[in-house]
Every structure is written in C-alpha cells, then in structure tokens.
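Inspection log for the structure reproduced underneath, given as structure tokens.
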Amino acid sequence: DALDLGHFWTGPEVNWHRCFELNRLIKSSPHAFAYVRVGDEDLRIPAKCDDGNDTVASATQAWLFDHGWRPRSVLSRVLWKMLEPCDVPYRFRDLIVGRPGMLMRLARFFQQTSATSASVEWPIGRSPSGDWCWRMPPYTAEDAAAAEKWEDSPSVRSGPHPWGRGYGWLIELNLPDTHREEMGIPLNAAPAPRWVHVGSRLLAGKMTVGDLCSGIKEHIGAMGFDLDLEVLPSATDVWAIAEKVTSQSLLLTDLRWTQGERLILKESPISPHLGKPRNRVVLFQRDSVRAAVKPWRRHRPFMTGTESTMVQKGGCLTERSDSSPGGNWSDSSSSPSIPRCYDLIRRRVHRPRCIEVAAEDDMWTKLDTAEELRSVPERQLPHSRRLILSSNGTRQFEFHPQRADTVLAGRKDGVVAVINHEQDSTTHTLEVDSYPILGLSWLHTNPQWAVCGVSQSGTTCLVNYDERRPGHMESVRLEPFAHLSSLSVNCTDEYFMTSGFCVDLGLYDLVTGRRLNTFQGMHQNFINILRFSHRSPHLFATASFDHSCKVWDLRQPLQLARPVKLFTTESLNVMCTFSPDDKHILCSGVDSCLQQFSLASTDDAAGTKYPLPNTHCATNYRRAMYLTSGGLVATAATNESLLRICSAAHPHQHLGHVDFKGSLVSRRHFAEVSGRSMRSQASLAAGLVGGYSGQSPVTEEYVQSLRCHPLDPDSLGVLLSTSDPQPESYIAMLQLGREES
C-alpha cells in the first residue's frame with residue numbers, strides 16, 4: 001500500500017533563478033498569473049493573456065476563459081521551466097484555504113493577485129508492476145479517469161464553482177495521539193493519516209451518512225481497528241454518538257460537509273440498549289479548521305531608531321517579521337498580539353513601524369478600575385487620512401482579501417461598485433436594486449466574485465467583475481432573503497448565510513446557488529448581524545437585539561436552545577466580530593457597551609468590558625472591529641465623530657482617538673464657496689484637520705461603518721456620514737502611526 005511507505009518523495013527542487021527570470025519578463029507584455037503551491041512554497045506562474053484561449057470552441061469555453069479558467073497545459077508548460085529536470089509524472093490538485101481538494105480540472109489565472117488555489121502532487125514511488133503510487137486518491141489510472149467526470153446537469157454553472165462538487169468527498173482519516181497509546185500502537189509505528197475518496201460513484205450532494213460510514217469502514221483495518229466494528233458519527237464536543245443524525249442524513253444539506261475534512265477516529269464503548277450487535281464502535285469527529293493563510297503582502301519601507309527591536313545580522317538590520325495577518329496563531333497565549341503601530345500610538349512620536357512593545361512596558365499598567373481607565377485624557381493619535389471622493393453615496397463597503405488597493409462598495413441607490421482607493425477611482429459598477437445595499441462579502445478563494453444583499457427588497461446575488469474590462473460587471477440572482485441586514489461567506493467559499501430584521505437565518509450553497517435551509521426562531525429579537533469565523537468553515541456568530549450573542553456550529557443540527565456558546569450582553573447588539581485568531585469575539589451595542597468574550601474559556605460568561613465614556617443616549621449605536629494584527633480594536637458610535645483605538649488585551653486601555661469632526665462639512669463648504677471640483681480640493685478638504693466654523697449646528701459627521709484592512713495591520717477604512725436630511729457619505733482611509741507631512 002502506497003500510504004504505508006515511511007518516507008515520501010517531495011518532488012524536484014524549485015529553480016529560483018529561472019522562477020525570478022520568468023516573472024521578470026512579464027514587463028514586456030500583459031500577463032495573467034496562477035498561484036500554485038510546490039512543496040512548502042507558493043509560486044506565481046505567469047502566462048500571456050491569450051495563452052489557452054479556446055473561446056472559439058464553444059460558448060461554454062468562452063465563458064470559462066473570460067472568468068479566468070484555462071487548460072492545465074498552460075500551467076504545466078510554465079511550471080516545468082521553474083523546476084529542476086525530473087522524469088516522473090505530476091498532477092494538480094485544488095487547494096482550498098490550505099487543504100487539498102479534488103484533482104484540478106482547469107487552472108485559474110488572473111491579472112491581479114489571487115489566493116493560492118492549486119498544489120502540485122508527485123508520486124511517492126512505484127508498485128512492483130511498475131505503476132506510479134500516489135499519496136492521495138485516485139490511486140489508479142482508471143480512478144483518475146473517473147475523477148474527470150463531474151456533474152453534467154448543468155454542465156457549467158454561471159458562478160464561482162462551474163462544475164459543482166462532482167462525485168464523493170475527499171476525507172483524511174486520523175487517530176488521536178492519546179488513542180494510539182490506548183490501542184498499544186507506538187507513535188513511531190502508528191498508521192499515517194490516510195486520505196480516502198468516499199462515494200466516488202455517488203454525487204456529493206446526494207451522499208448520506210450511511211454512505212460515508214460504509215466508505216470509512218473499508219479502511220479502519222489499515223488504521224488499527226477490528227474490521228467488524230461499526231462506524232458512526234460522533235458529537236462535535238464529546239465522544240458520543242451524535243444525536244439527531246441518522247444513516248439517511250445528507251452530508252450536504254443536513255451536516256454541511258466540506259471538501260478535505262479531517263476525521264479523527266476513536267474506538268468507544270456504547271450502551272447495550274442501543275441495540276448494536278457489539279458494545280464497541282468506531283466514532284469519528286470532524287476537524288474542519290483551516291490553517292492560518294499567509295497572504296501575498298506588500299512591504300513598506302521603514303526608518304531605523306534607537307528603540308527598534310530589529311537585530312543586526314551580517315552588518316545589516318533585519319526586521320523581526322510576522323508573515324501572517326493575525327500574528328503567530330500557534331501561540332497559546334489568551335491575549336491577542338500587539339501590532340507594530342502600537343508603539344507609534346503609545347509614545348506619539350515617529351518611530352520604526354517594526355517596533356513591538358512588551359506588555360510590562362505599558363504606561364497604563366497601574367490603572368486597574370474602569371473609572372481610572374476612563375479618566376485617561378483624550379488625545380489625538382498620530383495618523384494620516386484622506387477621503388475617497390469616488391465613494392460618494394456608499395452605505396457599506398468591504399476591502400478585498402488579497403488585493404490591497406481594491407474596495408467593494410454598496411451604495412444607497414442600490415449600485416455596487418469596485419473602487420481603487422489608492423487611485424481614488426471607480427473601476428466597475430452594477431445596478432443591483434433601487435434600495436440601499438447592506439450586505440457585502442468578497443469570496444476568499446475566488447478573487448473576482450462577491451455576494452451582496454439589499455435591505456428592503458431582500459435581493460441577494462453573486463456579482464463578478466472583470467479585471468480586464470473596466471466597467472464590466474455581471475450578476476447571478478439568488479433566492480431573496482426578506483428584511484436582510486447582513487450576510488457572511490465562510491472561509492472555504494462553499495456556504496454563505498444571511499440575517500436581518502427577523503429572527504431567522506438563511507443558509508445558501510455557493511456551489512449550486514440554492515438556499516439550503518432557513519433556520520427559524522434562532523433569537524428572541526431581530527438578528528442584526530451574522531459573521532463566520534476566519535478559519536473554521538462551520539463556526540459562525542449571531543448578534544441580536546435580544547441582548548445576546550450566540551455562536552453556532554453547522555456540523556450539527558441547529559436548535560434554538562443549543563448554541564455552542566451563549567453570551568449575554570448589557571444592551572442590544574449592533575455588531576459582532578471574531579478576532580483574527582478566532583479565540584475571542586467582540587460584541588458592540590449601544591453607547592459605551594463593548595464587551596469581549598473568550599471562545600476557549602468555559603467560564604467567561606460575563607466577558608470583559610471596554611472602558612468607554614457613556615453619553616447616556618439610547619440611539620448611540622456602536623461598531624467595533626479588530627485591526628488585522630488582533631492586538632488593537634477600533635470602535636466608533638453614531639452620535640460621535642470620534643474613532644477610538646483600544647488595546648484588545650484586558651484591561652483594554654484607551655490609547656487615543658481620531659476626530660473626524662468637520663470632515664465632510666468642510667469639504668462641502670469648499671465645493672460650494674470656491675466652485676472648484678471635488679478632486680481639486682482633495683489636498684485641502686481631505687486633510688481634515690479641524691472643522692469648519694461656519695457649519696450648520698444641525699449638521700454633524702458620524703462614523704456609520706468601519707472595516708480594517710486585511711493586509712495592513714495599521715490601516716482601516718471609515719464610512720463617514722452627515723446627519724442632515726440629505727446626508728452625504730464617503731469612505732475615509734486612515735493610516736495609524738504615520739503623521740501627515
């Protein structure tokens with residue numbers, strides 16, 4: 001058996017000189033790129049924009065090419081030049097947020113940055129008959145040919161997953177280390193994780209739990225179990241037979257299965273009254289958490305200083321880097337890490353961006369009570385900012401997860417727009433509805449696709465923008481969700497969910513475009529917002545006006561009285577969000593109500609409170625977000641022009657604020673009085689230092705929404721709006737720790 005080999009060959013070495021040379025040549029003509037994992041490295045594979053263009057073959061081929069899909073031969077031809085010579089075959093496999101999927105059908109190329117979506121797989125040896133042996137299924141040439149067969153009704157969907165899910169599910173079988181010892185298997189002799197393609201002749205959407213258990217049973221002998229033991233699903237939190245899951249439960253509709261899940265197997269006793277022929281069974285638990293993704297990030301130049309934590313190596317200064325957006329997620333510390341901009345904020349002088357500050361060097365360590373923390377004098381933080389004038393009329397916005405200069409904006413007039421915030425220009429627009437767009441979410445692994453939802457009408461649709469054709473966007477209408485207020489896509493781009501001014505939740509399948517479930521009565525009052533976690537495709541949180549925040553797990557049947565976690569808050573909830581490492585959840589409510597709860601702790605029902613000033617106003621609705629590093633929290637409320645920055649670690653010191661008072665009113669004044677264009681006034685009005693003394697007393701600015709930049713830990717976007725009868729709204733880009741020159 002190929003899987004029992006002790007050491008796997010990892011493939012040829014990367015020829016880095018040739019790799020850099022091929023990427024350097026792209027300056028001569030327009031190119032598109034695929035991002036492929038080879039071993040532990042992610043490579044950018046360039047191809048000319050017309051390579052693999054088979055649009056004349058059929059309308060289907062034309063649609064696929066226009067949306068980035070190209071033959072695998074295009075990828076193979078360039079990749080082979082980047083590797084050392086090798087005489088063994090290889091194949092490409094889908095890579096879904098760091099986890100392997102099925103064999104890749106077509107390669108994806110885009111002109112701008114995208115997520116790594118494929119991996120190269122090499123054989124691990126040869127059988128006595130001369131056939132190549134592979135670590136993952138399909139293992140034979142016949143099975144590989146069968147794997148090319150996909151759902152044929154419809155053959156291609158007009159969405160981010162053109163071929164559906166295909167046949168069966170790819171799973172990884174594992175044993176827990178403690179159970180290996182109980183079974184008497186030495187760790188150095190224990191079976192390796194075993195990849196299995198269950199139900200290879202069954203449509204994935206129609207597979208049942210019974211089909212899955214039968215497929216797993218064929219491999220339990222190789223994992224060290226008795227062959228006659230029955231295989232059953234376990235509950236997610238304890239080793240016990242899962243309740244309300246039967247052999248006829250559908251993996252997709254009932255248990256929300258995802259490709260490449262890791263299953264932990266364990267032999268467990270069962271009660272005799274269950275009527276099983278034996279008193280022991282093999283249970284499996286699902287572990288679907290993805291590893292932290294390291295995005296392609298731009299690095300800014302930095303200045304050196306006497307207090308920098310840079311170290312000197314070989315005569316040059318080397319910055320202590322942190323390549324993942326949430327810091328070191330393997331850290332067992334319960335407190336989020338402090339980002340590089342923290343020292344700039346703390347001392348209010350221009351120091352190197354790479355500085356990290358130790359917790360014991362905090363100027364607030366002697367302040368213990370909430371009142372003492374609230375007594376810290378208000379102060380303006382060092383920062384730079386500018387209005388994005390092309391964002392006029394925005395109601396909601398989201399930064400692109402891979403493209404640092406791109407924002408998706410939903411406007412009040414029902415138009416969705418793609419904005420380049422660095423150039424302050426709108427590149428693409430599409431009219432979705434006539435009502436304001438409240439729900440927006442980019443897909444994580446499909447860089448040109450997003451989901452949007454409209455408030456009053458409940459219109460829900462997929463939108464796609466073509467980076468090669470400015471202005472061109474298209475949409476795919478989905479089943480509407482009444483009273484929509486928010487939506488969120490899970491990390492694997494297989495599901496998204498909706499909530500609104502109702503007590504129900506909608507679950508949509510992004511592969512088929514259908515609504516899978518409507519979960520009714522999940523709260524006692526309106527569910528204002530819903531958010532998926534960053535790394536688990538099944539974990540999500542809901543924040544409601546009923547003074548509660550609930551955490552749910554899609555791997556098990558959802559029941560009103562049985563959330564995974566229940567947190568009671570001091571006011572109705574406006575917003576909730578997971579920390580970048582998914583260890584905490586932040587709930588913001590009315591006025592000064594901002595609480596943080598631990599998801600790992602079992603006794604954190606009360607959470608910790610942020611020491612914010614209280615205005616005693618029942619309509620002062622608060623928003624809050626973690627900055628990408630996870631060490632800072634940005635918060636603002638609708639009756640204030642201040643954006644406050646606090647430490648995410650308890651006791652949540654208030655570090656300072658940025659005041660946007662006068663930002664939009666002064667811009668309007670300059671436009672009306674001087675008659676100059678908005679763009680000619682950007683240098684005057686977008687600096688936004690101080691307010692306009694002649695402004696109407698009833699017109700004020702407030703922060704309507706905020707989003708933190710996913711690739712820059714010191715950057716965030718703020719949606720500013722005025723309070724007059726005909727309000728203006730603009731996105732303002734804010735850079736912490738960098739004072740305006």
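Counting heavy atoms from C-beta on, the side chains of Val281 and Leu229 never come closer than 4.5 Å. A 4.5 Å side-chain heavy-atom check between His161 and Asp493 finds at least one atom pair inside the cut-off. Considering only heavy atoms from C-beta on, Ile529 stays 4.5 Å or farther from Asn573 through its side chain. Taking the side chain as every heavy atom from C-beta outward, His584 and Phe578 never approach each other to under 4.5 Å. Residues Met102 and His197 are in side-chain contact: their nearest non-hydrogen atoms beyond the backbone lie under 4.5 Å apart. Looking at Phe481 and Arg515, their side chains come closer than 4.5 Å, going by heavy atoms from C-beta outward. Side-chain atoms of Phe567 and Leu599, non-hydrogen and from C-beta on, do get closer than 4.5 Å to each other. A 4.5 Å side-chain heavy-atom check between Tyr90 and Leu83 finds every atom pair outside the cut-off.
Phe532 is linked by a ring pair (Phe, Tyr, Trp, His ring centres under 6.0 Å) to Phe540, counting only residues two or more places apart in sequence or in another chain. Arg555 is linked by a salt bridge (charged side-chain N to carboxylate O under 4.0 Å, His left out) to Asp553, counting only residues two or more places apart in sequence or in another chain. Remark: Asp509 pairs with Arg165 by the salt bridge (charged side-chain N to carboxylate O under 4.0 Å, His left out) rule, at least two apart or across chains. With sequence neighbours left out, Asp287 forms a salt bridge (charged side-chain N to carboxylate O under 4.0 Å, His left out) with Arg262. Judged as a side-chain contact (heavy atoms from CB on, under 4.5 Å), and not counting sequence neighbours, the contacts of Pro160 are Leu443, Asn446, Trp449, Leu462.
Side-chain atoms of Asp211 and Ser214 include no donor-acceptor pair closer than 3.5 Å. Residues Thr608 and His650 have side chains that never bring a donor and an acceptor to within less than 3.5 angstrom of each other. A donor-acceptor pair shorter than 3.5 Å cannot be found between the side chains of Thr445 and Ser117.
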Could you go through residues 236-245 and list every donor-acceptor pair under 3.5 Å that involves a side-chain atom there, pairing it with any protein atom two or more places apart or in another chain?
{"residue": "Thr236", "atom": "OG1", "partner": "Gln556", "partner atom": "OE1", "Å": "2.8"}
{"residue": "Glu243", "atom": "OE1", "partner": "Arg562", "partner atom": "NH1", "Å": "3.3"}
{"residue": "Lys244", "atom": "NZ", "partner": "Gln559", "partner atom": "OE1", "Å": "3.1"}

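Within the 3.5 Å criterion, the main-chain N or O of Gly521 finds a donor-acceptor partner in the side chain of Asp504. No side-chain donor-acceptor contact under 3.5 Å links Glu84 to the backbone of Val14. Here the side chain of Asn525 pairs no donor or acceptor atom with the backbone of Asp546 at under 3.5 angstrom. Between the Asp582 side chain and the Arg535 main chain, a donor and an acceptor come within less than 3.5 Å of each other. Judged by distance alone, with hydrogens and angles left aside, the side-chain atoms of Arg201 form no donor-acceptor pair with the main-chain N or O of Gly199 at under 3.5 Å. Side-chain atoms of Lys583 do not come within 3.5 Å of backbone N or O of Ser598 as any donor-acceptor pair. Counting only distance, with no hydrogens or angles, the side chain of Lys565 and the backbone of Phe597 share no donor-acceptor pair below 3.5 Å.
Distance check: Trp169 CH2 to Gln259 CD gives 5.5 Å after rounding to the nearest 0.5 Å. We find the CD1-OG distance between Ile264 and Ser234 to be 11.0 Å, quoted to the nearest 0.5 Å. In this structure, OG1 on Thr492 lies 8.5 Å from NE2 on His444, to the nearest 0.5 angstrom. One distance of note links CG of Leu263 with CZ of Arg194; it measures 13.5 Å at 0.5 Å rounding. We find the OH-CG distance between Tyr35 and Leu95 to be 15.0 Å, quoted to the nearest 0.5 Å. Atom CG of Leu283 sits about 10.0 Å away from atom CD of Glu230, to the nearest 0.5 Å.
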(request) Show your working on side-chain contact (heavy atoms from CB on, under 4.5 Å) between Val551 and Leu539 and close with a plain yes or no. (result) CA-CA 7 Å; Val551 181; Leu539 205 65; 3.9 Å; yes

(request) Output, in order, the C-alpha distance, side-chain angles, deciding distance and verdict of side-chain contact (heavy atoms from CB on, under 4.5 Å) for Val36 and Val120. (result) CA-CA 7 Å; Val36 180; Val120 184; 3.6 Å; yes

(request) Determine, stepwise, if the pair Met207 / Val198 fulfils side-chain contact (heavy atoms from CB on, under 4.5 Å). (result) CA-CA 9 Å; Met207 278 191 61; Val198 294; 4.1 Å; yes

(request) Please lay out, stage by stage, how His219 and Ile171 fare under the test side-chain contact (heavy atoms from CB on, under 4.5 Å). (result) CA-CA 12 Å; His219 301 273; Ile171 58 175; over 6 Å; no

(message) Between Ser441 and Ser488, does the side-chain hydrogen bond (donor to acceptor under 3.5 Å, both in side chains) criterion hold? Intermediate values first, please.
(response) CA-CA 6 Å; Ser441 182; Ser488 182; 5.3 Å; no

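More than 12 heavy atoms of other residues, nucleotides or ligands lie within 6.0 Å of CD in Glu479, so this atom counts as buried by the packing criterion.
Between Phe284 and Trp257, the ring planes are perpendicular. Angles over 60° get that label, and only those under 30° would be called parallel. Using the six-membered ring where Trp is involved, Tyr495 and His538 have ring planes that are tilted, between 30° and 60° apart.
Nearest heavy atom pair, residue Pro710 against residue Thr628, reads O-CG2, 3.3 Å. The shortest non-hydrogen separation linking Ala541 to Ile585 is CB-CD1, 3.3 Å. Nearest heavy atom pair, residue Gly168 against residue Ala204, reads O-CB, 3.5 Å. Nearest heavy atom pair, residue Ile527 against residue Thr542, reads CG2-CB, 3.8 Å. Taking both residues in full, the closest heavy atoms of Leu265 and Leu175 are given as O-CD2, 3.6 Å, listed atom of the first, atom of the second, then distance.
Here Trp134 and Tyr139 keep their ring centres 6.0 angstrom or further from each other.
Applying the side chain to side chain contact (heavy atoms under 4.5 Å, CB included) test between Leu170 and each of Glu261, Arg99, Arg93 identifies Arg93 as the sole match.
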